[in-house]
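Remarks on the structure that follows.
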Amino acid sequence: MHSTKPDNSTIEHIDEENALFFSKYSIDHSIDSISWITSDASFIYVNEATCDELGYSREELLSMKVFDIDPYFSENMWKGQWDLMKKAQIGTVETIHISKEGNVIPVEITYSYLQYKDFEYVFSFSRDITRRKVVEKNLRLMQHSIDHSMEPAFWIAPDASFMFVNEAVCNNYGYSREELLSMKVFDISQDFPENKWNDLWNKVKQQGSLQMESKHYTKDGRIFPVEISLSYLEFEDVQYIFSFVRDITERKNSEEALKKYTDELKHSNEMQQALGNIVNSSPMIVFLWKVEHNWPVEFVSENIRQFGYSAEDFTSGKLLYGEIIHPDDLVTVQARSTEFIESDQTCFDQEYRILTKSGEVRLVNERTFIQRDEGKIEFIEGIIVDITSSIQSNGFMRLQCELGNVLAFNENIQETYEQLLELTLQMDPFDCGCLYIVDTSTGSLNIVAHKGLSSEYIENTSYYNSNSLLTKLVMMGKIVYKDHSEICAMTATESPDEMLNFTALIPLKYGDDVIAMIKLMSHSQNEISNDSRNSLENVASQIGGFINRMISEIELQNNVNDLQGIFEALDDILIIVDLEGCILNYNSAVSRRLGYSAEELIGVNIISMIPHKRYLEAARVFFNIIDEEISYFNFPLIAKDQSLVPVVLRFSGGKWKGQNVMIGISHDLINEI
């Protein structure tokens, strides 16, 4: 019998075929997009993931070129890019791809250059990094926020050593970062020596978080009281405590002064007056609030005048404390106050903006004390301190305050648009820019404000239709920072002759919807620092809500104007009176029929416009209408020339400016008699 065992050459041939099969199968079914590209930018191979990501069939992609899906590698730029890849051999780049449906996909591409049988190719892996971009932005924002927080922040290891400190720690404690990273908690804390550290660590670890008061040392030996917030966390099997520290020297002084003032108040009118003068001449304003909606004020120190108000404005009930809190902060303050009032805590802090009597925006710190008796709240004491000046030393916070002032003062929407753009242009490196509003009916971008650009440039870029690449990028809600030459390559409307170096496209959102865009540019610089980038993105995140509110108010006012126009266009007489019969408003038909001006009718009782001999009858009928027994008021009205105008008013109940009223409408009967 003959053996059927294959010889070695046959086995090698089969193994080679299997290897080729598995290699091709792996590439075809990889979750990453894979493609082979030739020197003229043509695709000669794409895998299934590439087709799925871009929405094209394999046949369509094999008839396309790189610049059909990647606006950053235009046809003019391709040769230079190919030479760079050929020289580097392997490398990684970040760019964007445009799908068949027009979606913008940020990608990271890893490429390899090779030659095979006198032909040149680039083999590329492409990975969608949308999620990574979001994470990177959030991490940058978080790091920036911690690094530039006005409050000292520490990362602490289990052995009490400092693993990270922010700039505020160095500034407040007088040490360099290098010195602090070689120190431990008990080097700066009076209350937690080395033998107590393990107990504190275990307590924070068990509870998850802890808030406490202590005393800290500075490098020059100064001791100051602090409030410490400690949070325990584990990351990649490493344990940390994250700590924020607040200097409460002023608060302790205020509490001590207030306690002394309260104690001595019982014993001496002279002391009462003296301490009252101290409080009233200090920056700390003392309040006593009722636990009611918008916090009615029972007492406020006279130094409330620093905000333009008198104490009587509040204690008389004319003004509630909640009415001076900035509208954009009120809901947050109400929620936070309710949370603490319903808890067992006796004091808490919060920061928010208030409006002075002149409309200026000020940032305050509020320290609140809840006085309870057997669980029942008796009253709430509060000390507020204006911290605007210290906060404004930070450029970002100064910009926020200026933003608040613009929107608090300005009722002219065009002027507001221009000031919003002006504010964002305070960020380096930008010196010119435009503000666009999204047309909700067409999806296009329309310019509403600009600065620092030529009239020709503005004319060419005043409008982007909904199908333009720039509009699609903006509507994705992602901020784009690019060389202006790359923006020019993406859209024919951008002019390279404007001598612009750097551009930022910043979508402005309300909720999940993009409602506007700011385009900021620089003639002189080619990049933006991380500090400016994060500050700009923080401010931009607030402007969208302000713009949406302005647009809503304009639409509301237009609706009111439309209704007023309809109201005035009626030929029928229409009169609005209160429940006593006094005229609150009326349409122009009343003036035309009766000849009175507004000054002559507003506030006049409708009964007084009836002939004298029918007063009692008219009054009885009117009050029957109030009681809904009848609805018609059939009496002639006395015109300004003393003639009688026969009318029949049909009254029904309604609301006018928040009060109950009666609304009467009637045909003039002169032409019907």
Side-chain angles (χ1 to χ4, degrees), residues 134-219 222-249 251-252 255 332 335-351 365 367-370:
V134 173
V135 172
E136 288 175 354
K137 176 186 173 183
N138 290 339
L139 288 173
R140 286 199 312 272
L141 179 59
M142 182 176 67
Q143 184 65 41
H144 174 82
S145 301
I146 293 174
D147 283 346
H148 295 83
S149 169
M150 292 189 63
E151 294 183 350
F154 299 82
W155 287 90
I156 308 170
D159 65 351
S161 61
F162 298 127
M163 303 179 68
F164 166 82
V165 294
N166 68 352
E167 293 178 5
V169 176
C170 304
N171 295 335
N172 288 16
Y173 290 75
Y175 294 99
S176 68
R177 182 175 267 113
E178 291 71 22
E179 289 175 311
L180 285 160
L181 295 180
S182 67
M183 297 166 62
K184 297 192 175 185
V185 170
F186 21 85
D187 294 325
I188 65 167
S189 176
Q190 184 180 43
D191 297 320
F192 291 100
E194 189 169 0
N195 61 355
K196 290 186 178 181
W197 171 249
N198 286 337
D199 292 338
L200 176 62
W201 177 273
N202 292 330
K203 186 175 182 180
V204 177
K205 181 176 180 179
Q206 181 180 8
Q207 296 184 7
S209 62
L210 186 66
Q211 186 166 316
M212 60 198 313
E213 291 185 3
S214 180
K215 291 182 180 178
H216 278 182
Y217 303 99
T218 63
K219 187 175 184 178
R222 181 173 64 89
I223 301 175
F224 61 101
V226 293
E227 181 180 77
I228 308 171
S229 297
L230 302 165
S231 299
Y232 173 84
L233 60 105
E234 293 183 16
F235 181 71
E236 295 184 349
D237 298 326
V238 181
Q239 299 176 332
Y240 308 89
I241 282 181
F242 179 62
S243 171
F244 268 114
V245 175
R246 174 173 290 184
D247 185 338
I248 56 173
T249 303
R251 190 176 86 198
K252 285 296 183 182
E255 291 173 8
T332 301
R336 181 171 170 80
S337 299
T338 300
E339 175 187 348
F340 281 103
I341 288 171
E342 292 177 351
S343 70
D344 294 330
Q345 298 191 53
T346 58
C347 63
F348 62 93
D349 289 280
Q350 55 184 332
E351 292 178 2
N365 174 269
R367 177 69 168 175
T368 307
F369 305 88
I370 304 171

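If you read the sequence from its start, that first residue is 1, and numbering goes on from there.
- For the pair Ser189 (side chain) and Phe186 (backbone), a donor-acceptor distance under 3.5 Å is absent.
- Closest approach of Ala153 to Phe244, counting heavy atoms only: CB-CE2, 3.7 Å.
- The two residues Lys205 and Glu234 make their nearest non-hydrogen contact at CE-OE2, 4.5 Å.
- Note that the CH2 atom of Trp155 and the CG atom of Leu233 stand 4.5 Å from one another [nearest 0.5 Å].
- Expressed to the nearest 0.5 Å, how far NZ of Lys219 lies from SG of Cys170 amounts to 10.5 Å.
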Evaluation steps, side-chain contact (heavy atoms from CB on, under 4.5 Å), between Asn172 and Val245: CA-CA 10 Å; Asn172 288 16; Val245 175; over 6 Å; no
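- Here the straight-line distance linking atom CD1 of Ile223 with atom OH of Tyr217 works out to 5.0 Å at 0.5 Å rounding.
- Looking at every heavy atom in both residues, Ile228 comes nearest to Ser214 through CD1-CB, 3.8 Å.
- When all heavy atoms are compared, the tightest approach of Trp197 to Asp159 is NE1-C, 3.9 Å.
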- prompt: Is there a ring-ring contact (aromatic ring centres under 6.0 Å, His included) between Phe242 and Phe164 once you walk through the steps?
  reply: CA-CA 9 Å; Phe242 179 62; Phe164 166 82; 8.1 Å; no
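- With a 4.5 Å cut-off on side-chain heavy atoms, Ser337 and Thr368 do not count as touching.
- Taking 4.5 Å as the limit, some side-chain heavy atom of His216 sits within range of a side-chain heavy atom of Phe224.
- Under a cut-off of 6.0 angstrom, the local environment of CD in Gln211 is crowded, with over 12 non-hydrogen atoms contributed by other residues, nucleotides or ligands.
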- request: Evaluate the criterion side-chain contact (heavy atoms from CB on, under 4.5 Å) for residue pair Ile188 and Phe154; output intermediate values, then yes/no.
  value: CA-CA 12 Å; Ile188 65 167; Phe154 299 82; 4.0 Å; yes
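- Summarising the geometry, atom CD belonging to Gln239 is positioned 3.0 Å from atom OH belonging to Tyr232; distances are rounded to the nearest 0.5 Å.
- Within the 4.5 Å cutoff, no side-chain heavy atoms of Tyr175 are placed close to those of Asp187.
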- request: Could you check Arg177 against Leu180 for side-chain contact (heavy atoms from CB on, under 4.5 Å), going step by step and ending with a plain yes or no?
  value: CA-CA 5 Å; Arg177 182 175 267 113; Leu180 285 160; 5.7 Å; no
task: Go through Val185 and Trp201 one step at a time and tell me if the side-chain contact (heavy atoms from CB on, under 4.5 Å) criterion holds.
output: CA-CA 11 Å; Val185 170; Trp201 177 273; over 6 Å; no
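- With Arg246 as the fixed residue, the salt bridge (Lys or Arg N to Asp or Glu O under 4.0 Å) test singles out one of Glu351, Glu227, Glu213: Glu351.
- Closest approach of Leu230 and Met212 over heavy atoms only: CD1-SD, 3.7 Å.
- Between Asn166 and Pro152, the shortest heavy-atom distance links the atoms OD1-CA, 3.6 Å.
- Tyr240 has its side chain out of reach of Ile156: every pair of non-hydrogen atoms, C-beta onward, lies at least 4.5 Å apart.
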